[in-house]
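Note that ligands are numbered from 1 as they come in the structure, with each ligand's atoms numbered from 1 the same way.
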Amino acid sequence: MTLSYRFPAGFVWGAATSAYQIEGSPLADGAGPSIWQRFAHTPGMMANDDHGDIACDHYRRYKDDVQLMRALGLQGYRFSIAWARVLPDGTGRVNPKGLDFYSRLVDELLENGIEPNATLFHWDLPATLDDRGGWLNRDSAHWFAEYAEVMFKALDGRVKRWSTVNEPWVVTDGGYLRGVLAPGHRSKYEAPIAAHNLMRASGAAIQAYRATGRHEIGVVLNIEPKYPASQSPQDLAATRRAHAYMNEQFADPALLGSYPPELQEIFGDAWPDFPAEDFQLTQQPVDFVGINYYTRSVVKHDDEGYPCHATRVRQANVTHTETDWEVYEQGLVDTLMWFKRRYGDLPLYITENGAAFYDPPVAERDVVEDPLRVAYLRKHLRALHQCIEAGVNLKGYYAWSLLDNLEWSLGFAKRFGLYHVDYATLKRTPKASAKFYAKVIETNGASLAE
Ligand code: GBH
């Protein structure tokens with residue numbers, strides 16, 4: 001047994017962000033509006049009336065932000081591309097200035113020795129496409145493939161790792177079932193259709209990549225392991241439903257070409273009869289899977305629980321983050337072991353992992369003390385090392401997030417960054433977690449023993 005936390009050679013240490021959450025200037029240089037631009041300006045949808053008009057002003061400060069990455073020693077940076085900057089109407093006309101922003105960002109990363117990892121869709125669908133039904137329209141798979149191809153042609157020579165869609169579960173649960181995220185629909189009938197079309201779109205982009213691309217492409221899923229609150233048959237069944245709904249609903253069509261039977265039980269007459277040939281598209285072979293891991297949930301049967309007849313049981317006497325998510329690093333081990341068992345030995349990346357905690361005001365200090373975030377990262381990185389020793393084919397890790405940013409409808413109050421952002425001045429200040437992570441990177445994990 002080794003007592004060293006050193007990671008394998010070639011392991012990629014990175015950090016992640018997404019376009020609408022950090023860029024600001026959403027309509028600059030000919031960009032079209034996205035559904036998040038619309039949603040954020042719909043009264044009542046955003047905490048504190050926050051919106052992404054300025055956010056971290058990364059669109060204009062990207063060169064400075066690349067220097068922050070360099071100070072961390074990042075080897076990889078995962079960002080997303082705002083579809084409506086590149087194709088203002090979602091399809092058709094390409095906006096060269098929008099494309100140029102990402103081209104300049106990629107050049108800047110490469111010049112600083114940082115590997116770009118581009119995500120094509122992190123929730124900011126062009127508003128024009130939403131007017132045509134958005135993810136409810138089966139044509140969305142073709143729209144997405146068209147956009148993906150534009151990006152591959154422009155950047156595949158320089159971007160060697162692509163992701164199709166980020167966390168389709170969040171898009172469909174928040175955006176189509178509960179109405180708390182863009183586009184703000186609440187329909188049990190719509191959610192499974194949007195989910196299915198997102199997975200068709202992901203597959204269509206992968207298919208397009210095989211024709212034009214020369215490197216790697218995968219899909220990014222949020223996986224949250226579910227544990228039963230008791231061994232009662234009701235709680236066990238509720239746990240299986242919650243797991244099928246959040247985890248297998250997306251991983252299964254992508255990797256097995258089918259849906260788990262629990263979905264029919266959950267959605268009842270709202271569960272569509274999907275054409276069998278669709279699964280050829282959803283199951284295009286991936287080069288890797290990106291897993292976003294934040295927390296677990298403990299689940300009990302609850303007749304009122306929507307849509308799974310299940311609810312989360314909040315655990316007493318354990319640390320929760322500012323978003324009230326339980327800190328549970330064993331869930332990361334259980335997730336990766338489950339993934340390997342169910343889907344085989346695919347190359348995996350942790351494409352997001354991190355936590356919102358209260359950070360004390362910065363004032364003139366040069367470091368923001370965030371001991372809870374440091375503890376969170378240390379525990380999860382040690383857990384990852386354990387997974388690698390147990391044979392998980394893990395290729396890299398991207399901390400969420402480089403910067404404090406717009407936490408969607410929760411606004412700017414929930415801070416996930418390694419760098420603190422003062423939204424009045426846009427000044428970035430490193431947190432203790434940034435120093436901690438820089439040392440992990442520098443020692444390739446060995447400092448995790450401390
Ligand atoms: C990700 O989503 C997003 O990709 C990213 O944009 C976002 O900023 C980041 O994470 C932080 O939120 O209430 O205990 O049942 C996170 C996905 C899904 C993780 C819901 C937590 C609920 C936990 N989240 N899940 S619980």
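Of the protein's non-hydrogen atoms, Arg312 NH1, 3.2 Å is the one closest to atom 14 (O) of ligand 1.
The side-chain hydrogen bond (donor to acceptor under 3.5 Å, both in side chains) search around Tyr209 returns Asp156, not counting sequence neighbours.
A side chain to side chain donor-acceptor pair (under 3.5 Å) with Asn353 is found for exactly one of Trp400, Tyr376, Tyr293, Tyr398, namely Tyr376.
Residue contacts with ligand 1, taken as heavy atom pairs separated by less than 4.0 Å, involve Asn166 solely via side-chain atoms from C-beta onward. Heavy atoms of Asn405 found under 4.0 angstrom from ligand 1: none, in either backbone or side chain.
Between His320, Glu167, His122, Glu352, it is Glu167 that holds the heavy atom closest to atom 2 (O) of ligand 1. The option from Tyr20, Tyr294, Phe416, Trp325 that lies nearest to atom 13 (O) of ligand 1, judged by heavy atoms, is Trp325.
Two residues are said to be in side-chain contact when any heavy atoms from C-beta on lie closer than 4.5 Å; Asp65 and Tyr419 fail this criterion.
Aromatic pair Trp135/Tyr176: centroids not less than 6.0 angstrom apart.
The shortest N or O to N or O distance between Glu407 and ligand 1 is under 3.5 Å. In terms of polar-atom proximity, Trp408 is counted as a contact of ligand 1, with an N or O under 3.5 Å from an N or O of the ligand. When only interatomic distances are considered, the shortest N/O to N/O separation between Glu224 and ligand 1 falls below 3.5 Å. Checked by distance only, ligand 1 and Asn222 stay at 3.5 Å or farther apart across all their nitrogen or oxygen atoms.
When each atom of ligand 1 is checked for a heavy atom of Trp169 under 4.0 Å away, the hits are 18 (C), 20 (C). If you number the atoms of ligand 1 from 1 as listed, the ones under 4.0 Å from a heavy atom of Trp123 come out as 3 (C), 4 (O).
Geometrically, Arg373 does not engage Phe357 in a cation-pi contact, judged by NZ or CZ lying under 6.0 Å from the ring centre and within 45° of the ring axis.
Summarising the local packing, NZ of Lys340 is surrounded by more than 12 heavy atoms from other residues, nucleotides or ligands at distances under 6.0 Å.
Without hydrogens or angle criteria, Tyr423 side chain to Asn405 main chain gives a donor-acceptor distance under 3.5 Å.
Residue pairs meeting the salt bridge (charged side-chain N to carboxylate O under 4.0 Å, His left out) criterion with at least one partner in residues 40-50, sequence neighbours excluded, do not occur; the list is empty.
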